[in-house]
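See structure below.
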Amino acid sequence: MEGTNVSRRDFLRGAGIAGAAAGALALAGGAHVPVAVADEAEGAVPAIAKLANETAWIPVQKAACPGPRGPIAFEAEAIPADKISATEDHDIVVVGAGIGGLTASLKAAEEGADVVCIEKMTRGRGCFECFGAVNAACQKDLDIKPQLLLDEIYRSAYWRTRPEPARTYVRRSGEATDFWQAMLDKGPNGFLITPVPEVPSTCGMPCLTDLIPTELGFYDSPCLPPDAGVRSGYSGMYVCLEMQEVAQGYDNLDIRFETPGVQLVREGDGPVTAVIAKNPDGTYVQLNASKGVILATGGYDANPELMQAWTRPEDYASSSWWNPGWGTTGDGHLMGIQIGAQMDPCPQPVMNFRWGNPDSFYDARTWNAIYFAILVNGDGHRFVREDLPFQSVSNAQNAQPDYGTNCWEIFDENMMEGMDDAAIEEFKGKGWLFEGATPEELAEACGVDPQGLADAIARYNGFFAAGVDEDFDRDLSTTMPFTGKRYFALTTNSCVLATVGGLTIDENAQVLDVNNKPIGNLYATGNASGNFFAGNYPRHIPGTSIGRAVTFGFVAAEHALKGE
């Protein structure tokens, strides 16, 4: 049996464009290729060991990714010099105008560098609600213990990451946040970063993890429009637009939209010297970067082939997507791998939340019902503590048969404040909501085992007498038993927000090669960067995704210009 040998070009063509997962898995870790097994005729390896090393015999489930397909910018084939219509010289080139890229661009411009930020989408990216930081000026009255946050970040990754990036995040996120506020103060609308009040029982794993009060947001910014209050995840778009407006005040900063980065330029083991970008008219331009290239292209949740190659099928197979931009197609990942960058091992973590409907997230009318509901599978059985953080409940649902495709939020009319008759009829009309006068009748309507559901509700109600959930230890003091005459089942699934695995970085946001050495002049931030999460996105730690994007955008620009 021969060892696997996949060329980088084959991998890039397959994973980025055609969707061949095998090459992606072989090279994703950067330096690991399966070792050849000695021939059995030599008497060294029994037949069973050969089968164990033959990947075709490993019973790994696969599934098609139903997610969105965004516009891939990366180009695998070398671009001839005669196809490049112009060459420009800059100090810093930032690829991506999301929150990480905008932070990096503004920091570099503030330091006096000549900066160009290129973005393939028409208006940029950046849907988020809150973020995390430590010891920012607005947190002066909070008791935040950095060592506890560090320990929780390491523990949530089961110590499968190197400590340096998390350490940089904890030590420098406050400074980066203060810079962010200073930039927002230059804008016309008065965006204000303030602490977000948090309830201990809903922040950490209930009864297990103490509150870490690091969450910050923009709720006290009166300029946010009313619709951002209902769907607060949209607030980040307005913040990014404000940062774009601030950027216009810098003569040394040029932000170009509909201008994707398609390749990095690197000779041998030397530094990255340029980015080849595609202009809106389809011509190529080479953007030389004397100080550094910062990849801020986001994740790859809008690239179904990369989702299938690099993540677990249960994390996407029955999910909906919440991705207003669809520009996150893994361009930075692929550009980095092409020139020798190391990437997080597979499977990579996905930020997936509960409360998904077949289109996206359920709206605020359902929140009370879902909060009080029990969650059951097709057998009518509960399978998780329902008051766990969103990510944990989502993971438990995805572990159910058929990736959780037949799971339901079960509640009665006493639990559904906010869902009026119009909402009930709307959700019924979509085929998402079913009603019954008894648990058995409800089960027949939605396709759940009738006896199983009746038994589950009866058993759950019985826990309230002693105040102890004997099956999952849910905090019964914050919920209620079933006492109504109308029973409802609301279909539910996971919802993918982002992928959070990427190119391996060090404490300075420098991208490492497959030999663990920094690639000169190459940096990554946000969801294009890795070495921070492993296996799971830790929803119970406030705001580490956006927090690290801001922090490493700030750190990358500073290190590229000052070496510190």
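All figures in this text were calculated on a predicted structure; none of them were measured in a lab.
Nearest heavy atoms, Leu561 versus Ala113: CD2-CB, 3.6 Å. Residues Val196 and Cys130 approach most closely at CG2-SG, 3.8 Å, considering heavy atoms. Scanning all heavy atoms of the two residues, the minimum distance from Tyr169 to Gly543 falls at OH-O, 4.1 Å. Nearest heavy atom pair, residue Arg160 against residue Ala534, reads CB-CB, 3.7 Å. Listed here is the closest heavy atom pair of Pro538 and Asn536: CD-O, 3.5 Å. Between Lys186 and Tyr250, the closest heavy-atom pair is NZ-OH, 2.6 Å.
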Evaluate the side chain to side chain contact (heavy atoms under 4.5 Å, CB included) criterion for residues Tyr537 and Ser545: first the C-alpha distance (whole Å), next the side-chain angles of each, then the deciding distance (0.1 Å), finally the verdict. CA-CA 9 Å; Tyr537 176 74; Ser545 179; 3.6 Å; yes

Go through the steps to decide whether Lys278 and Glu258 satisfy the test salt bridge (Lys or Arg N to Asp or Glu O under 4.0 Å), and finish with yes or no. CA-CA 8 Å; Lys278 182 175 283 189; Glu258 298 182 86; over 6 Å; no

Full working for salt bridge (Lys or Arg N to Asp or Glu O under 4.0 Å) between Glu88 and Arg256: CA-CA 14 Å; Glu88 302 175 6; Arg256 304 177 189 176; 2.8 Å; yes

Using the rule given for side chain to side chain donor-acceptor pair (under 3.5 Å), can you reason through Asn531 versus Thr504, listing the C-alpha separation, both sets of side-chain angles and the distance that settles it, and then say yes or no? CA-CA 5 Å; Asn531 205 13; Thr504 306; 6.0 Å; no

Evaluation steps, side chain to side chain contact (heavy atoms under 4.5 Å, CB included), between Met243 and Ile99: CA-CA 9 Å; Met243 295 173 75; Ile99 188 60; 3.4 Å; yes

Please step through salt bridge (Lys or Arg N to Asp or Glu O under 4.0 Å) for the pair Glu152 and Arg155, ending with a clear verdict. CA-CA 5 Å; Glu152 190 60 26; Arg155 186 157 62 99; 2.4 Å; yes

Stepwise, does the salt bridge (Lys or Arg N to Asp or Glu O under 4.0 Å) test hold for Arg69 with Glu305? CA-CA 9 Å; Arg69 185 177 298 279; Glu305 284 76 29; 2.8 Å; yes

Full working for side chain to side chain contact (heavy atoms under 4.5 Å, CB included) between Leu512 and Ile519: CA-CA 6 Å; Leu512 303 181; Ile519 297 175; over 6 Å; no

Go through Asp301 and Asn323 one step at a time and tell me if the side chain to side chain donor-acceptor pair (under 3.5 Å) criterion holds. CA-CA 8 Å; Asp301 48 286; Asn323 183 342; 2.4 Å; yes

Please report the C-alpha distance between Val262 and Tyr284 in whole Å, then the side-chain angles of each, then the deciding distance to 0.1 Å, and finally whether the side chain to side chain contact (heavy atoms under 4.5 Å, CB included) criterion is met. CA-CA 9 Å; Val262 300; Tyr284 294 103; 4.1 Å; yes

Steps toward side chain to side chain donor-acceptor pair (under 3.5 Å) verdict (Asn288, Gln286): CA-CA 6 Å; Asn288 294 333; Gln286 180 166 314; 3.0 Å; yes

Dump the intermediate steps for side chain to side chain donor-acceptor pair (under 3.5 Å) on Thr329 and Lys120, then the final yes or no. CA-CA 11 Å; Thr329 57; Lys120 72 177 177 182; 2.7 Å; yes

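Using a 3.5 Å distance cut-off with no hydrogens or angles, the side chains of Thr311 and Asp315 do not pair a donor with an acceptor.
In this structure, Arg539 satisfies the cation-pi test against Phe390, with its NZ or CZ atom closer than 6.0 Å to the six-membered ring centre and inside 45 degrees of the ring normal.
Put simply, the side chain of Gln391 reaches to within 4.5 Å of the side chain of Asn395, judged on heavy atoms. Val496 is not listed as a side-chain neighbour of Trp322, based on a closest heavy-atom distance of 4.5 Å or more. In this structure the side chain of Glu507 never reaches within 4.5 angstrom of the side chain of Pro165, judged on heavy atoms. Using a 4.5 Å cut-off on side-chain heavy atoms (C-beta onward), Phe532 and Thr161 make no contact. Considering only heavy atoms from C-beta on, Asp506 comes within 4.5 Å of Pro518 through its side chain. Between Thr499 and Gln348, every side-chain heavy-atom pair lies at or beyond the 4.5 Å cut-off. For the pair Phe191 and Asp185, the minimum side-chain heavy-atom distance is 4.5 Å or more. For the pair Leu106/Phe179, a side-chain contact is recorded, criterion being any heavy-atom separation below 4.5 Å from C-beta on.
Other residues, nucleotides and ligands place no more than 12 heavy atoms under 6.0 Å from the CG atom of Asp251. Dense packing is recorded around CD of Gln147, with more than 12 heavy atoms of other residues, nucleotides or ligands lying under 6.0 Å away. Around atom CG of Asp151, more than 12 heavy atoms belonging to other residues, nucleotides or ligands sit under 6.0 Å away.
Judged purely by atom type and a 3.5 angstrom limit, Ser156 has no side-chain atom pairing as donor or acceptor with the backbone of Ile153. Looking at Thr103, its side chain never comes within 3.5 Å of a backbone N or O of Gly553 through a donor-acceptor pair. Remark: the backbone N or O of Glu75 is paired with a side-chain donor or acceptor of Gln263 at under 3.5 angstrom. Looking only at distances, no side-chain donor or acceptor of Glu242 sits under 3.5 Å from a matching main-chain atom of Tyr238. Looking only at distances, a side-chain donor or acceptor of Asp331 sits under 3.5 Å from a matching main-chain atom of Ala73. Using a distance-only test at 3.5 Å, with no hydrogens or angles considered, no donor-acceptor pair links the side chain of Asn527 to the main chain of Gly299.
Salt bridge present: Glu175 and Arg172 bring a charged side-chain N and a carboxylate O closer than 4.0 Å.
A distance of 9.0 Å separates SG of Cys117 from CG of Asp254, quoted to the nearest 0.5 Å. Thr214 OG1 to Gln139 CD: the interatomic distance, rounded to the nearest 0.5 Å, is 7.0 Å. Remark: Trp321 CH2 to Cys495 SG distance equals 9.0 Å, nearest 0.5 Å. For the atom pair CD of Gln510 and CG of Asn521, the computed distance is 9.0 Å after rounding to the nearest 0.5 Å. Note that CD1 of Ile92 and OH of Tyr523 are 7.5 Å apart. Values are rounded to the nearest 0.5 Å. Remark: Ser105 OG to Met183 CE distance equals 12.0 Å, nearest 0.5 Å.
You'll find the ring centres of Phe131 and Trp180 inside the 6.0 Å limit.
The aromatic rings of His333 and Tyr300 sit perpendicular to each other, their planes meeting at more than 60°, with 30° as the lower class boundary.
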